[in-house]
Undergrad: 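Take this structure, written in structure tokens, and hold onto it; I'll ask about it next.
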Protein chains: 2
Amino acid sequence: MPKALKTHPTRAAQQALERLEALCLERGQRLTRQRRAVLCQLLAEGRALSAYELLERLRPEDGRSTPAGVYRALESLMQAGVVHRLESTRAFILCEHPEAPHTGQLLICRGCGQVVEAEDARVSAATGRLGERLGFSLDQRVVELTGLCGRCRAPHAAHAQ
Amino acid sequence: MPKALKTHPTRAAQQALERLEALCLERGQRLTRQRRAVLCQLLAEGRALSAYELLERLRPEDGRSTPAGVYRALESLMQAGVVHRLESTRAFILCEHPEAPHTGQLLICRGCGQVVEAEDARVSAATGRLGERLGFSLDQRVVELTGLCGRCRAPHAAHAQ
DNA sequence: GCGGCAACTGATACATTGTATCATTTGTTG
DNA sequence: CAACAAATGATACAATGTATCAGTTGCCGC
């Protein structure tokens, strides 16, 4: 029974929202109306949204929202580590593990659009070592793996692998 | 003595170009005037270019070049595996190791813009295993590591690490 | 509370990146 | 060399992201 949470979004969402807000403040970001609104939308949607999809959803509640405003809010939320940008799809999504600072990996299902966030030690170690080996001091690691998730693959073919 | 190659670009470039052209044909891509022109520019430039930077460079030689045309040419060249797209900078660059099919990693220096292409077994293995572990059958892996290369770091600070 | 400064916003305009469509041209193949 | 598929040219447009600057808001010390 997926989507069951949708039936009482305010309950769990409220709690999650407060946790995210606390993190923003801890990390030196003011938490303004706009930023809160962007957080809410991402939380409510539960999937990655483009900046302009966000804008569409904000406009009804706040007719004064603008692209620049949305991007500024996203910038701040990314600074705080509670939102990630998907470079390969130009979309934004809530961080799943915002408590711990991270340089994670993102797995993107091209079937259902689901995004799973991972923090794989082997991948982190391997990319770190690769940087060292080539003499780079890394400050950003984009690891985005696209494919079909288990659920999306199942109906189409039985040939595992 | 960097940039020494620039003094006789046609020599080595000609040879590289022929090799790239051969690869395109082998891989079922027609090699048309436009595509050849794009290859030439990327080869001449030796660094990543945006689609519109490419367009600027093509226009003088062929006033009929259009954005759509450039993107179509790039599409074909990427199909042939001789060009890569940098997702995190929205730019395109010649593949350094076009002979071998690959799902490589790209290291991008934010100082000089240099892009180094790697094919690190540990990174490939680790990302592959991560996909498996989470039930994904991957068909695209974006690994883009940004930082400062050795040369760009050196002048600024002596604190190794 | 409140004055003042920095941060944020609203508004507008614009820059960059990427696509859709369709008539025409080109290239390949039998 | 006819015919068909692929690529191109032209135009228009869609999507994504930024610059600027005047005005407002929030925070901090008093």
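Lettering of chains follows the sequences in order, A, B, ..., and the numbering in each one begins at 1.
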Undergrad: Rounded to the Å, how far apart are A:Asp62 CG and C:dA11 P?
TA: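 The answer, rounded to whole Å, is 9 Å.
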Undergrad: Tell me: CE of B:Met78 to C1' of C:dG18, nearest whole Å?
TA: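 Distance, rounded to whole Å: 11 Å.
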Undergrad: C:dT9 phosphate, OP1 or OP2: any side-chain N/O from A:Thr32 under 4.0 angstrom?
TA: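 Yes, such a contact exists.
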Undergrad: Looking at the side chain of B:Arg30, which of D:dT8, D:dT18, D:dA6 is the nearest nucleotide?
TA: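 Ranking D:dT8, D:dT18, D:dA6 by closest atom to the B:Arg30 side chain puts D:dA6 first.
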Undergrad: Could you state the OH-P distance from B:Tyr71 to D:dA15, rounded to the nearest angstrom?
TA: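 Roughly 15 Å, once rounded to whole Å.
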Undergrad: Do the side chains of B:Arg110 and B:Leu148 get nearer than 4.5 Å, heavy atoms only?
TA: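 Sidechains of B:Arg110 and B:Leu148: in contact.
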Undergrad: In this structure, how many angstroms lie between the P atom of D:dT8 and the CG atom of B:Leu55, rounded?
TA: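 So the two atoms are 14 Å apart, to the nearest Å.
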Undergrad: So if I take every side-chain heavy atom of A:Ala68 and compare against C:dT19, D:dT18, C:dC8, which nucleotide ends up nearest?
TA: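 Between C:dT19, D:dT18, C:dC8, the one nearest the side chain of A:Ala68 would be D:dT18.
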Undergrad: Expressed as a whole number of angstroms, how long is the span from B:Leu25:CG to C:dG27:C1'?
TA: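 From B:Leu25 CG to C:dG27 C1': 13 Å.
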Undergrad: Nearest 0.5 Å, what's the CD-CD distance between A:Glu119 and A:Glu96?
TA: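 Nearest 0.5 Å value for the CD-CD distance: 11.5 Å.
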Undergrad: Rounding to a whole Å, what distance do you find between A:Glu87:CD and C:dG18:P?
TA: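 Spelled out: CD on A:Glu87 to P on C:dG18 is 12 Å.
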Undergrad: Categorize A:Ser50 for me: base, sugar-phosphate, or nothing, with a 4.0 angstrom heavy-atom threshold over every strand shown.
TA: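 Answer is sugar-phosphate: A:Ser50 comes under 4.0 Å of backbone atoms only.
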Undergrad: From CG of B:Leu31 over to C1' of C:dT26, roughly how many Å is that when rounded to an integer?
TA: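 It works out to 14 Å between those atoms.
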Undergrad: For the side chain of B:Arg64, counting heavy atoms from C-beta on, which of C:dG10, D:dT8, D:dA10 is nearest?
TA: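 Comparing C:dG10, D:dT8, D:dA10 against the side chain of B:Arg64, the answer is D:dA10.
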Undergrad: Mapping B:Arg90 and B:Pro67 onto DNA chain D by nearest heavy atom, which one lands closer to the 5' end?
TA: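 Final value for this comparison: B:Pro67.
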Undergrad: Looking at B:Arg141 and A:Glu144, does any basic side-chain N land under 4.0 Å from a carboxylate oxygen?
TA: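 Looking at B:Arg141 and A:Glu144, the cut-off is not met.
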Undergrad: Looking at B:Gln15, I want to see if its CD is surrounded by more than 12 non-hydrogen atoms of other residues, nucleotides or ligands under 6.0 Å.
TA: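 Open.
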Undergrad: Mapping B:Thr89 and A:Thr66 to their closest nucleotides on DNA chain C, which lands nearer the 5' end?
TA: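 Closer to the 5' end of DNA chain C: A:Thr66.
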Undergrad: Rounded to the nearest Å, what distance is computed from the CD atom of residue B:Glu53 to the C1' atom of nucleotide C:dA15?
TA: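 To the nearest whole Å, that distance equals 14 Å.
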Undergrad: Ignoring backbone atoms, establish whether A:Gln34 has a side-chain N or O less than 4.0 Å from OP1 or OP2 of C:dG10.
TA: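 A:Gln34 to C:dG10 OP1/OP2: side-chain N or O found under 4.0 Å.
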Undergrad: Flag as yes if A:Tyr52 stacks onto the base of D:dT16 (centroids under 5.5 Å, planes under 30°), otherwise no.
TA: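 One would call A:Tyr52 stacked on the D:dT16 base.
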Undergrad: It should be established whether A:Arg85 places a side-chain nitrogen or oxygen under 4.0 Å from OP1 or OP2 of nucleotide D:dG17.
TA: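 Yes, such a contact exists.
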Undergrad: What's A:Arg33 touching, base or sugar-phosphate or nothing? Going by heavy atoms closer than 4.0 Å.
TA: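 Answer is sugar-phosphate: A:Arg33 comes under 4.0 Å of backbone atoms only.
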Undergrad: Charged N to carboxylate O below 4.0 Å: is that the case for A:Glu45 and A:Arg57?
TA: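 Salt bridge flag = yes for A:Arg57 with A:Glu45.
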